[in-house]
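Worth knowing before you read on, the calculation uses all heavy atoms, side chains too, and leaves out hydrogens, waters and symmetry mates.
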Amino acid sequence: MTIIILAAGLSERMGENKLLLPFNGHELILETIDKALSYSKKVKVVIGYQRERMEAVLADYPVDIVYAEDYRSGQMASTKRGIENVEDDDFAILPGDLPLITEDDFIGCEKALEKHQISRCVSYGIPGHPVMLRKENRERILSFHGTMKEYLSLYDTATYNGSIGCVFDADTPERYRMLLNGDLDLSVLH
């Protein structure tokens with residue numbers, strides 16, 4: 001399983017690059033990467049915004065860095081760039097701002113994938129990450145014109161009831177403060 005971590009966005013709702021904010025003694029993105037690496041050694045991080053800063057942070061990590069030149073076009077452009085770089089392998093997609101995701105979220109999601117083409121973690125009824133896809137989805141996604149949400153709606157998707165970490169991202173200053181304080185108010189997710 002190859003894991004694609006999306007880390008190319010502009011962090012507009014945060015007002016600064018959320019992935020480079022401190023969390024547990026290092027940059028937030030590294031916490032998410034550490035969780036991914038605990039599950040798979042094949043991790044690709046798609047970067048775009050503040051490329052040089054991101055490359056510097058990731059320099060000593062055992063990940064493949066993929067640059068999405070068209071990162072300003074939206075998340076699907078970065079997603080496709082990551083998928084283009086996956087060898088003949090099933091793959092998982094998740095955003096870089098999920099520092100509380102667990103290895104069990106990955107394991108459970110992969111178990112749900114066994115009899116399906118697509119699986120994803122869900123927590124408290126909220127669709128989360130990772131989203132795992134069989135390799136047969138690769139070419140279909142690369143030629144798809146629409147969002148990932150639209151693509152997923154076309155197929156039966158198995159779900160795994162994961163941890164709050166599969167849905168609690170750091171998109172806004174409020175959520176980031178909640179992460180730092182360990183006060184995970186679920187009402188902000190709806």
Pair Y71, V46 - check side chain to side chain contact (heavy atoms under 4.5 Å, CB included), show working.
CA-CA 9 Å; Y71 67 92; V46 183; over 6 Å; no
Test side chain to side chain contact (heavy atoms under 4.5 Å, CB included) on V57 and L20; report intermediate values, then the result.
CA-CA 8 Å; V57 167; L20 298 177; 3.7 Å; yes
Above 12 or not: heavy atoms from other molecules or residues under 6.0 Å from [atom1] of [X]?
X    : atom1 : value
Q50  : CD    : yes
E87  : CD    : no
N181 : CG    : yes

Heavy atoms, side chains only, cut-off 4.5 Å: are [X] and [Y] in contact?
X    : Y    : result
E16  : L21  : yes
L133 : S119 : no
F144 : M76  : yes
M1   : Y39  : yes
P95  : H129 : yes
I47  : I65  : yes
T79  : L6   : yes
L19  : L30  : no

In Å and rounded to the nearest 0.5 Å, what is the [atom1] to [atom2] distance from [X] to [Y]?
X    : Y    : atom1 : atom2 : value
I29  : L98  : CD1   : CG    : 9.5 Å
H145 : S143 : NE2   : OG    : 6.5 Å
S38  : F106 : OG    : CZ    : 7.0 Å
E27  : I33  : CD    : CD1   : 9.5 Å
E110 : I107 : CD    : CD1   : 8.5 Å
D104 : S163 : CG    : OG    : 8.0 Å

Cation-pi geometry met for R120 and Y160 (6.0 Å, 45°)
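Because its charged atom misses either the 6.0 Å distance or the 45° angle limit, R120 does not stack over Y160.
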Checking side chain to side chain contact (heavy atoms under 4.5 Å, CB included) for the pair L154/L152: CA distance, chi angles, key distance, verdict?
CA-CA 5 Å; L154 300 174; L152 294 175; over 6 Å; no
May I ask whether [X] and [Y] are part of the same hydrophobic cluster, defined by side-chain heavy atoms of I, L, V, M, F, W, Y residues being less than 4.5 angstrom apart, directly or through others?
X   : Y   : result
I3  : V86 : no
I93 : M54 : no
L10 : V45 : yes

Is there a donor-acceptor contact under 3.5 Å from the side chain of [X] to the main chain of [Y]?
X    : Y    : value
S11  : N17  : no
S40  : L37  : no
R81  : Y67  : yes
T172 : R175 : yes
E31  : L28  : no
T159 : V122 : no
R138 : I83  : yes

Working note: D34 + Y61, criterion side-chain hydrogen bond (donor to acceptor under 3.5 Å, both in side chains); need CA distance, chi angles, decisive distance, verdict.
CA-CA 9 Å; D34 284 341; Y61 262 70; 3.1 Å; yes
If you compare all heavy atoms of [X] against all heavy atoms of [Y], which two are closest, and at what distance to 0.1 Å?
X    : Y    : result
Y176 : P22  : OH-O, 2.5 Å
C121 : C166 : CB-SG, 3.6 Å
F23  : P99  : CE2-CB, 3.7 Å
A68  : S78  : CB-OG, 3.9 Å
P127 : V167 : O-CG1, 3.9 Å
G82  : I4   : C-CD1, 3.7 Å

In terms of side-chain heavy atoms, does Y151 have a donor or acceptor partner in N137 at a distance below 3.5 Å?
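On atom types as modelled, these side chains qualify, holding a pair under 3.5 Å.
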Lys/Arg N to Asp/Glu carboxylate O, [X] vs [Y], below 4.0 Å:
X   : Y   : result
K44 : D64 : yes
K18 : D97 : yes
K80 : E84 : no

Chi angles and distances behind the side chain to side chain contact (heavy atoms under 4.5 Å, CB included) call for L100, L179:
CA-CA 9 Å; L100 302 179; L179 277 172; 3.3 Å; yes
Using the salt bridge (charged side-chain N to carboxylate O under 4.0 Å, His left out) rule, pick out the option among K135, K42, R134 that qualifies with D90.
R134
